[in-house]
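Heads up: the structure comes next, in structure tokens.
These numbers come from the heavy atoms of this one structure, side chains and all, not from hydrogens, waters or symmetry mates. Chain letters run A, B, ... following the sequence lines, proteins first and then strands; every chain starts at 1.
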Protein chains: 2
Amino acid sequence: MTRSEENYLKAIFHLGGQNSKLIATNAIAEQMETKPSSVTDMAKKLAEKGLLHYKRYQGVTLTPMGVKTALAIIRKHRLWEVFLVKKLDFTWDEVHEVAEQLEHIKSEKLIDKIDALLEYPKFDPHGDPIPTKTGEFQERAKQLLSELPIAAQGVCVGVKDTSSTFLKFLDKNSIALGNTIHILDKEDFDNSLHIQIEGRELQISNQIASNLYVKTA
Amino acid sequence: MTRSEENYLKAIFHLGGQNSKLIATNAIAEQMETKPSSVTDMAKKLAEKGLLHYKRYQGVTLTPMGVKTALAIIRKHRLWEVFLVKKLDFTWDEVHEVAEQLEHIKSEKLIDKIDALLEYPKFDPHGDPIPTKTGEFQERAKQLLSELPIAAQGVCVGVKDTSSTFLKFLDKNSIALGNTIHILDKEDFDNSLHIQIEGRELQISNQIASNLYVKTA
DNA sequence: AATAATATTTAGACAAATCTAAAAATATGT
DNA sequence: ACATATTTTTAGATTTGTCTAAATATTATT
Ligand SMILES: [Mn+2]
Ligand SMILES: [Mn+2]
Ligand SMILES: [Mn+2]
Ligand SMILES: [Mn+2]
């Protein structure tokens with residue numbers, strides 16, 4: 001498996017290619033920041049290798065083997081992210097770029113030892129689930145903060161937007177995973193929220209609220 | 001810098017290219033397990049980039065920039081080896097292959113944090129010196145065990161042969177870096193040694209003795 | 001000094017991964 | 001349904017790193 005092949009599989013997985021849903025060439029090209037013609041070439045190659053099903057002009061879906069391979073890479077990516085944060089004091093907005101490189105290191109022993117060192121974490125610094133060695137993982141029951149009604153409360157468990165800008169904004173406002181958020185009021189005009197978090201009161205826009213995942217009791 | 005370029009620089013450094021000694025095309029090809037014609041192509045490219053001096057039919061030497069780059073990669077390689085041994089319980093015969101991959105990860109912050117986590121080690125698991133962030137390092141005063149006279153003693157500080165076979169042999173015979181070795185006797189016929197190490201007495205061939213570095217008091 | 005052996009370079013090919021531009025298929029709108 | 005817009009594929013080119021085979025330069029031997 002080349003690095004490029006691994007990146008295609010990961011992108012297709014993130015677009016939903018695991019549930020026999022046909023993923024369009026253009027969608028993959030956009031996700032990978034490449035051209036559709038390049039995607040077509042790679043789709044043929046990966047189909048040849050038995051990692052995905054490719055129907056000309058229709059799109060691709062991952063085979064069981066393709067899903068397994070994608071999950072192994074996602075597992076590595078997320079474990080490295082946890083390692084960087086927990087062991088090397090990286091901030092959660094710094095880890096993605098480095099993990100993009102580390103996820104391609106080929107050593108089963110290495111990633112299993114990292115997993116053990118971290119005591120088998122279930123979620124990465126952004127709240128995304130970490131597949132086990134055998135590829136199992138459960139998505140946490142969660143919803144967007146923006147979907148909660150007035151007076152509801154939830155624990156912050158993840159972010160939808162993982163951009164550095166957004167993550168730094170959250171840091172600046174001391175909003176972190178694990179924090180409990182109460183919705184005090186919602187503004188009809190722009191859906192902005194008046195919330196209480198860790199004793200403080202805060203006003204946040206709908207754009208913020210619709211990029212924060214919470215778990216309700 | 002591509003991975004391939006980095007590997008060429010490292011190989012040339014290991015062949016002595018830092019001391020304005022001309023390194024032959026064939027020597028590089030052998031070290032890299034590639035063909036001389038490939039080396040010529042790469043030599044032109046690296047010369048173009050100012051990383052080495054290339055004289056047609058004569059060989060190459062590293063420029064100051066080339067030395068600096070090579071040392072940065074060697075630093076990463078050796079720090080990762082220490083990390084694998086100290087933090088993840090890898091054995092010293094397992095680390096090289098993985099370090100060959102990890103040395104190409106591009107993140108200054110990452111390697112500096114690994115350095116700090118390990119408390120700035122000066123030597124890797126095979127006794128080789130680790131360059132600092134600024135590229136300084138001193139080779140430890142050492143000599144081959146085979147060069148010591150009868151009755152001399154020394155502390156084991158490194159290995160010349162870093163092959164898995166040799167390292168595993170040393171493990172099996174409980175010979176480790178840091179051990180003190182006394183030369184009890186030397187056999188004229190085959191230069192094999194009768195040694196005392198950590199209380200035990202052992203008979204070792206000249207081939208073993210000429211791959212073990214010791215530091216004398 | 002001429003010849004033979006060795007080392008190095010050049011020329012041309014190939015595989016991987018990408019791109020642009022043109023062609024073909026599919027989807028959309030009236 | 002048919003013209004138009006969009007999506008996807010194909011054809012051909014490019015870059016990087018490699019290879020083989022032939023040509024050229026250097027070194028060693030007589
Ligand atoms: Mn990430
Ligand atoms: Mn993440
Ligand atoms: Mn090594
Ligand atoms: Mn080493």
Kindly assign one of parallel, tilted or perpendicular to the pair F13(A) and F137(A), based on the angle between their ring planes and the thresholds 30° and 60°.
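Geometry flag for F137(A) against F13(A): tilted rings.
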Closest approach to the side chain of [X], judged atom by atom: which nucleotide of [options] is it?
| X | options | value |
| --- | --- | --- |
| P36(B) | dT9(C), dT26(D), dT26(C) | dT9(C) |
| D41(A) | dT18(D), dC19(C), dA25(D) | dC19(C) |
| Q58(B) | dC19(C), dT26(D), dT9(C) | dT26(D) |

Tell me the interatomic distance from [X], atom [atom1], to [N], atom [atom2], rounded to whole angstroms.
| X | N | atom1 | atom2 | result |
| --- | --- | --- | --- | --- |
| K55(A) | dA25(C) | NZ | P | 18 Å |
| K35(B) | dT9(C) | NZ | C1' | 16 Å |
| I23(A) | dT7(D) | CD1 | P | 16 Å |
| E5(A) | dA15(C) | CD | P | 15 Å |
| Y57(A) | dT8(D) | OH | P | 10 Å |
| E30(A) | dT7(D) | CD | C1' | 13 Å |
| N7(A) | dT18(C) | CG | C1' | 14 Å |

Hey, which of these two, V39(B) or M42(A), hits DNA chain C nearer its 5' end, going by closest nucleotide?
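Mapping each residue to its closest nucleotide by heavy atoms, the 5'-most match is V39(B).
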Side-chain N or O of [X] closer than 4.0 Å to phosphate OP1/OP2 of [N]:
| X | N | value |
| --- | --- | --- |
| K44(A) | dT10(D) | yes |
| N26(B) | dT8(C) | yes |
| T34(B) | dC19(D) | yes |
| R56(A) | dT26(C) | no |
| R3(A) | dA16(C) | no |
| Y8(A) | dT18(C) | yes |
| Y54(A) | dT8(D) | no |

Distance-only polar pair, side chains of [X] and [Y], donor-acceptor under 3.5 Å:
| X | Y | answer |
| --- | --- | --- |
| Q31(A) | H14(A) | no |
| D124(B) | W80(B) | no |
| H77(A) | H96(A) | yes |

Who passes side-chain hydrogen bond (donor to acceptor under 3.5 Å, both in side chains) against Q18(B), sequence neighbours left out?
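None.
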Taking donor-acceptor contacts at under 3.5 Å, does the side chain of S37(B) reach the base of dT20(D)?
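Yes.
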Could you check whether S38(B) gets within reach of a base, just the sugar-phosphate, or nothing at all, counting any heavy atom under 4.0 Å?
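Counting heavy atoms under 4.0 Å across all strands, the contact made by S38(B) includes a base.
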Base, sugar-phosphate or nothing for T25(A)? Non-hydrogen atoms, less than 4.0 Å.
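The answer is sugar-phosphate, as T25(A) gets under 4.0 Å only of primed atoms, P, OP1 or OP2.
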Among V60(B), N26(B), I28(B), which one satisfies side-chain contact (heavy atoms from CB on, under 4.5 Å) with V39(B)?
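Answer after filtering V60(B), N26(B), I28(B): I28(B).
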